[in-house]
Amino acid sequence: MMGAVHAVPLHAETGDDAWLRYAPLDAVARKKYESLPASVLTLGDSPVLGAAQGELIRGVRGMMGRTLREGKSLPQENAFVLGTLAELHKADPALRAPGDLREDSFWLTTVRVHGFACLIITSPTDRGVLYGVFALLAKMARNETVASLNEVQQPFAPIRWVNQWDNLNGSIERGYGGRSIFFDAGSVRSDLTRAGDYARLLASVGINGCAINNVNADSRILKDDFLPQLARIADVFRPWGVRLAIAIDVSSPKVIGGLDTFDPLDPGVSDWWRKKVDEIYQQIPDFAGFIVKADSEGRLGPSTYGRTPADAANVIARALKPHGGLVFYRAFVYNHHLDWRNPKNDRARAAYDIFHPLDGKFDDNVVIQIKYGPIDFQVREPVSPLFGGLRSTNEAIELQITQEYLGQQRHLCFLPPMWKETLDFDLHAAGRSTPVKDLVAGKSFHRPTGGFVGVANVGLDADWLGHPLALANLYGFGRLAWNPNLSSGTIANEWTRMTFGNNPTVVRTISAMQLASWRIYENYTGPLGAGTLTNILGSHYGPGVESSERNGWGQWHRADHQGIGMDRTVATGTGYVGQYPAPVAGKYESLKSTPDELLLFFHHVPYTYVLHSGKTVIQYIYDSHYEGAQQAQGLVGQWESLKNDLDDEVYAAVLARLQYQAGHAIVWRDAVCNWFLRMSGIPDAKGRVGHYPNRIEAEGMQLQGYAPFDVIPQETGSGGKGIECAPPLQHCDASFRFDRAAGWYELDVEYFDQINGESKFRLFVGNQQVDEWVADDHLPAIKPGGDSSTRRRITGLALRPGDEIRIEGFPDGKELAPLDYVEVFARSQ
Ligand code: GCW
C-alpha cells in the first residue's frame with residue numbers, strides 16, 4: 001500500500017479536524033514508524049474504548065496510509081494493545097504499571113507479550129486509554145520518536161472542562177465562530193455531528209466535561225421535555241469521555257417548577273431540586289453537574305431571600321451528591337450599579353468580599369469557579385486574590401478561550417502566555433509558595449477536586465472559532481489544563497506542527513507570530529493595566545476609552561486631565577490590595593514595586609509619572625500604541641512569507657484576517673492616542689499623534705451628495721468626522737487631487753462597515769476604475785465608529801501630480817457608504 005512518497009500534497013488545513021488532521025507523513029517520517037505493529041487489539045468493550053480503537057485506526061491510516069487489522073484475542077503478532085490496567089493484568093499478569101496512576105492518566109509502553117512486540121496503551125480508566133491513543137498519534141503527527149516508549153502522563157487536575165455560552169435559540173453569547181452546534185430555534189439540533197466532532201477535539205487534549213449552555217441560563221433547559229434532548233447530546237459526547245453539564249437558573253423551582261419560592265432553605269425547594277436531579281440521572285447516568293451564575297448582572301440569586309451563595313450552592317449540591325455530580329458556583333458576583341462618584345467603591349473587591357467569608361461553608365461537591373482576574377477577562381489584570389482566599393473550598397479557574405475583550409477572533413491573540421502568567425503567579429497564601437495552578441488544582445490545601453474551566457464558544461463555522469489560528473487557544477487551554485507546566489512555546493510548536501505540518505519554516509514563523517500576538521494586542525489596546533479600553537457598554541470590540549467611566553459597571557480607569565489609574569491601595573485607595581496575602585500586597589501597595597504593566601490597575605498617577613522603563617506614562621501610551629500597530633502590520637509580512645508553504649485556502653483566509661487586524665490596530669492606536677492627547681494636553685514627543693501628513697480627510701474632499709457627520713465618540717473617526725451618503729441619494733462622490741511627485745503609491749481607504757447594510761464603493765484614478773468592493777463584513781456595529789472602521793488597501797498605483805482620485809459610494813440599508821479618510825503612501829514606506 002505504501003509506495004515511496006516524494007512530495008506530500010498540501011491538504012486543506014481548515015475544517016472540522018482542526019489539529020487532528022492526520023495528514024500523510026513525508027517519506028522520512030514514515031520510515032521512522034514503519035516497524036509499528038500492523039494490528040490493534042482492544043481488551044474490553046465500551047464506547048470509549050471503541051472510540052480509542054477507531055481513532056488509532058483513523059490516525060495510522062491518515063498518516064501512514066495503512067489500515068490496521070483488528071484483533072480480538074491475545075496477540076498472535078506484533079500489535080497495539082489498548083485496554084485498562086485491570087484488563088491488561090487479566091490478560092498478562094506480568095504487566096504492572098509503574099507506580100500509582102491517577103484517574104485519566106495513561107501509560108504508553110513497548111513490551112513483549114507472549115513473545116510479540118506490543119505497543120501498549122493503558123490507564124486505570126477507559127478515558128485514559130483514549131487519551132493515550134491521542135498522545136501517541138500526536139507524537140507521530142509531530143514526527144517524534146515512538147520507539148521503545150515508556151511514558152506515563154498524569155493530568156494535573158481532575159476538572160478540565162469547557163463552558164459554552166450557547167442560547168437555546170442557537171445564538172451564542174460572546175461567540176464568534178458561527179451559530180450553536182447544540183441548539184437551534186429553542187430545541188436541541190437534530191443533527192449533532194458537530195457536537196460529536198467537538199467532543200473528539202476536546203478529548204484529544206484531555207478535556208473531560210462540557211457545559212453546553214449560557215450561564216445566563218434559560219430555565220427551560222430543566223423542563224421535562226428538554227431532558228431527553230439533552231440526553232442526545234450526552235450520547236454523542238460519551239464515546240469521547242466528555243461528560244455533559246448544563247448551566248441553570250437558580251429561580252427554576254419557581255419559574256418552571258410551579259413553586260412560589262426558590263429560597264434555597266425552603267424544604268419544598270430542596271425537594272424540587274432532588275426530584276429534578278434524579279430525573280436527569282435517569283436519562284443521563286453520567287451527567288456531570290450544574291454551573292450557576294446568580295446575583296450577577298441582573299440574574300436572580302439567593303440574595304432575594306437574604307441567603308448566601310453557600311446556601312444556594314449547597315441545596316443543589318445535595319441533590320447531585322448521591323449521583324456524583326458537581327455544582328460550579330461562579331464567583332463573578334458583583335453590583336453593576338456601583339456609585340462611581342465614591343472613590344472607595346471598587347468592583348475588583350467583590351468576589352473576595354463575598355466568597356472569602358464563606359470559605360468552608362460549601363459542600364464538598366461544590367466548586368467555586370473564579371475568573372482569572374478580579375474584573376472581567378481584560379487584556380491585563382492581576383490574579384484574582386480569591387484563589388488564595390479559599391482554603392477549605394474547592395475552586396476552579398475560569399479562562400476565556402473566546403476572545404471577547406481580545407479582538408473577537410478578528411485579531412490574532414494567542415492566550416497561553418497570558419494564562420501561564422496567571423497560573424504561575426505565586427500568591428503566597430498561608431505564608432508558603434502557592435502558585436495559582438496548585439491552588440486551583442486543589443494541591444495547596446488538599447482539596448478533593450479542582451481545576452480548569454475554559455469558556456470556548458465554538459460554533460458551526462468550519463474553523464470552529466472564526467479564525468484558523470485561534471484554534472491554538474482551544475488546544476492550548478486543554479494542554480495547560482492537563483499540564484500547566486508546559487511552556488507557551490511548546491504549545492505553539494505542537495499545535496502548529498499538528499495543524500500545518502512539520503516544515504521548520506512554517507513551524508518557526510507561525511509559532512513566533514502566535515507567541516508575540518498577545519503583547520501586540522495589548523500594545524495597541526489598553527496600556528499598563530488600565531483595562532482593555534474597549535467599548536464596555538456594547539460590543540466589547542473596538543476602542544471606547546470613555547465608556548468605562550461615570551457608570552455603575554465599575555470598570556473604571558479614572559483618567560482625567562491630570563492623571564489615570566485606580567488607587568486600590570490600602571493606605572489611600574479602595575483597599576483591594578489588602579485582599580492579597582502580605583508578600584503580594586506589599587508589592588502592589590507601593591508604587592515603586594508595582595510592575596509597570598499593572599501600574600494603572602493599582603495606582604492613580606499623573607501622566608508625567610516616570611515608569612521603571614524611564615518613560616513617562618503618557619509617552620508610553622503613545623509609543624506602545626504606535627509600536628503595536630506596527631507589529632500588527634509585521635504579522636502580515638510574516639504570514640506572507642509562508643505563501644508557498646501553505647494550503648491556498650487557509651493562507652488567504654488568515655491573510656485577510658491579519659490585514660484587517662493591521663488596519664484596525666491603527667484605528668485603535670489613533671483613538672486611544674487622541675483621547676489621551678485631548679485629556680492630558682501633553683503632546684507626543686515624537687510628533688505623531690494628531691499629525692497625519694499622508695491623510696486626506698473625507699470631510700475635506702470635494703463632495704457630491706456626500707455630507708459630513710460627527711463620529712461618536714469623536715476619537716474613533718479621524719478628525720472626528722466622516723461623510724455619509726443619505727437617502728434619497730443612491731450614489732455619492734468624494735474626490736481630491738493628488739499633489740505629490742509621480743511614482744508608485746499605496747492607497748488606504750478607511751471606511752465604516754456596519755452590519756445593517758452592504759454599501760458598495762468604487763475607486764477611480766481619473767476615469768479609470770482601479771478598485772471596487774462591498775462593505776459586507778459582519779462587524780458588531782450599526783453605526784460608524786471604532787467597531788466598524790475598516791481599511792481597504794490598494795497597492796501598486798501609479799499616480800502623477802494633478803490626478804483626480806475619486807470614490808463613489810452606493811449606500812445600502814442603514815449603512816450610508818460612510819467614509820473616514822484616504823491615506824497615500826509612497827511605495828517604499
Ligand atoms: O464578560 C461578561 C460578558 C457577559 C457574560 C459575563 C459572565 C455570560 O460580557 O456576556 O455573560 O461576563 O461571565 O457571566
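Worth knowing before you read on, the calculation uses all heavy atoms, side chains too, and leaves out hydrogens, waters and symmetry mates. All ligand and atom numbering here is 1-based and tracks the order in the structure. We number each residue from 1, following the sequence as shown.
- Annotation for ligand 1: atoms under 4.0 Å from non-hydrogen atoms of F332 are 6 (C), 7 (C), 12 (O), 13 (O), 14 (O).
- Defined by atom type and a distance below 3.5 Å, a donor-acceptor pair is missing between the side-chain atoms of D438 and T434.
- The proximity of N214 to ligand 1, defined as any non-hydrogen pair under 4.0 Å, is limited to the side chain.
- Of all atoms in ligand 1, numbered sequentially from 1 with element shown, those under 4.0 Å from a heavy atom of R330 are 7 (C), 13 (O), 14 (O).
- When each atom of ligand 1 is checked for a heavy atom of V215 under 4.0 Å away, the hits are 8 (C), 14 (O).
- Those atoms of ligand 1 with a heavy atom of R174 less than 4.0 angstrom away are 3 (C), 4 (C), 9 (O), 10 (O).
- Side-chain atoms of S252 do not come within 3.5 Å of backbone N or O of S219 as any donor-acceptor pair.
- Residues Y372 and E421 bring no donor and acceptor atom of their side chains to less than 3.5 Å of each other.
- Of the candidates V315, T304, D295, V292, V292 is the only one forming a side-chain contact (heavy atoms from CB on, under 4.5 Å) with V250.
- In this structure, Q400 falls outside the shell of residues with a heavy atom less than 4.0 angstrom from ligand 1.
- Proximity annotation for atom 12 (O) of ligand 1: of Q369, E404, Q555, K371, K371 comes nearest, heavy atoms only.
- A salt bridge is defined here as a Lys NZ or Arg NE, NH1 or NH2 lying under 4.0 Å from an Asp or Glu carboxylate O, and R447 with D364 meets this definition.
- With hydrogens left out, the protein atom closest to atom 6 (C) of ligand 1 is E297 OE1, 3.3 Å, a heavy atom.
- If you check which protein heavy atom lies closest to atom 4 (C) of ligand 1, you get E173 OE2, 3.3 Å.
- Under a 4.0 Å criterion applied to the non-hydrogen atoms of H540, ligand 1 contributes the atoms 9 (O).
- Ion pairing of K371 with D376 is present here, as a side-chain N (NZ or NE/NH1/NH2) and a carboxylate O approach within less than 4.0 Å.
- Ring pair W165/F377 is tilted by interplanar angle, where 30° to 60° counts as tilted.
- Taking atom 1 (O) of ligand 1 as the reference point, the nearest protein heavy-atom neighbour is D376 OD2, 2.5 Å.
- Atom 8 (C) of ligand 1 has its closest protein heavy atom at N216 ND2, 3.3 Å.
- Between T790 and D753, the side chains place no donor N or O within less than 3.5 Å of an acceptor N or O (distance only, hydrogens not considered).
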